[in-house]
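Report on the following structure.
One-based numbering, in listed order, for ligands and for the atoms of each.
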Amino acid sequence: MADCIFCKIAAKEIPSTVVYEDEQVLSFKDLEPQAPFHALVIPKRHVESVGALTAEDKDVIGHIMCEVIPAIARDNKLDKGFRVVANTGDEGGQTVKHLHFHVLGGRSMQWPPG
Ligand code: AMP
Ligand code: ZN
């Protein structure tokens, strides 16, 4: 999608520090890490948010949840735990309107979030 920063990262038009990549999915380090480990996981195909997902996205979201995120956690030794967050829409705190899952780890997390 034109003018989408994460589409540009997926297309390698904007550099990122890649954590994981396959045909459908890219994971890269967050520019402003909120934890010792902070990566974003995106489907390469543009979809705005969790709120915009449809049945067509089942395979890629299943792949992200069931394979990609567990592999990232294993590879980065997040064995004590980690947090997966998908900020959704303006009140959900989503600033980049291309679906992304934050994977945060390496410190204790507080709940509830602000
Ligand atoms: P959200 O507020 O949930 O939409 O998260 C967007 C995240 O994208 C923030 O944590 C930003 O730090 C991160 N971010 C924005 N631009 C970049 C970029 N070029 N490379 C890596 N992370 C980015
Ligand atoms: Zn996009």
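In this structure, CG on Asp3 lies 8.5 Å from CE on Met1, to the nearest 0.5 angstrom.
Under 4.0 Å from ligand 1, not a single heavy atom of Phe101 appears. The side chain of Asn87, and not its backbone, has at least one atom closer than 4.0 Å to an atom of ligand 1 (non-hydrogen atoms only; side chain from C-beta on).
Against a heavy-atom cut-off of under 4.0 Å, Gln94 is close to the following atoms of ligand 1: 4 (O). Residue Ile9 has at least one heavy-atom neighbour below 4.0 Å for each of these atoms of ligand 1: 18 (C), 19 (N), 20 (N). Close approach to Thr95 involves these atoms of ligand 1, each under 4.0 Å from a residue heavy atom: 1 (P), 2 (O), 4 (O), 5 (O), 6 (C).
What you find for Val96 and His100 is that their closest heavy atoms are O-CE1, 3.2 Å. Here the closest non-hydrogen pair linking His102 and Asn87 is NE2-ND2, 3.6 Å. Closest heavy-atom contact between Ala73 and Phe82: CB-CE2, 3.4 Å.
Counted within 6.0 Å of CD on Glu23, heavy atoms from surrounding residues, nucleotides or ligands total 12 or fewer; the atom is thus considered open.
The protein heavy-atom contact nearest to atom 9 (C) of ligand 1 is Asp30 OD2, 3.4 Å. When only non-hydrogen protein atoms are considered, atom 20 (N) of ligand 1 lies nearest to Leu31 CG, 3.4 Å.
Between Asp90 and Lys97 a salt bridge is recorded (basic side-chain N to carboxylate O distance below 4.0 Å). Arg45 and Asp57 are joined by a salt bridge, as a carboxylate oxygen and a charged side-chain nitrogen come within less than 4.0 angstrom of each other. For the pair Lys12 and Glu21, the salt-bridge criterion is met [side-chain N within less than 4.0 Å of a carboxylate O].
For atom 16 (N) of ligand 1, the choice among Ile5, Leu40, Leu99, Leu104 with the nearest heavy atom turns out to be Ile5. Nearest-heavy-atom check against atom 3 (O) of ligand 1 across His102, Lys8, Glu32 picks out His102. Across the listed options Lys97, Lys29, His100, His100 owns the non-hydrogen atom lying nearest to atom 5 (O) of ligand 1.
Around the Zn ion (ligand 2), the angle linking His46 (ND1) with Cys4 (SG) is 110°, rounded to 10 degrees.
Residue contacts with ligand 1: Phe6 is placed with no nitrogen or oxygen under 3.5 Å of a nitrogen or oxygen of the ligand (distance criterion only). Not one N or O of His38 is nearer than 3.5 Å to an N or O of ligand 1, by distance alone. Note: an N/O pair closer than 3.5 Å links Val96 and ligand 1 by distance alone.
Looking at His98 and the Zn ion (ligand 2) together, the shortest N, O or S contact belongs to ND1.
No side-chain donor-acceptor contact under 3.5 Å links Gln34 and His38.
The shortest separation from a heavy atom of Ser16 to ligand 1 is not under 4.0 Å, leaving the residue out of contact. Not close to ligand 1: Gln34, with no non-hydrogen atom less than 4.0 angstrom away.
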Using the side-chain contact (heavy atoms from CB on, under 4.5 Å) rule, take Tyr20 and Asp75 through it: C-alpha gap first, then chi angles, then the decisive distance, then the call. CA-CA 10 Å; Tyr20 173 93; Asp75 291 349; 5.7 Å; no

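Ile42 places none of its side-chain heavy atoms less than 4.5 Å from the side chain of Phe101.
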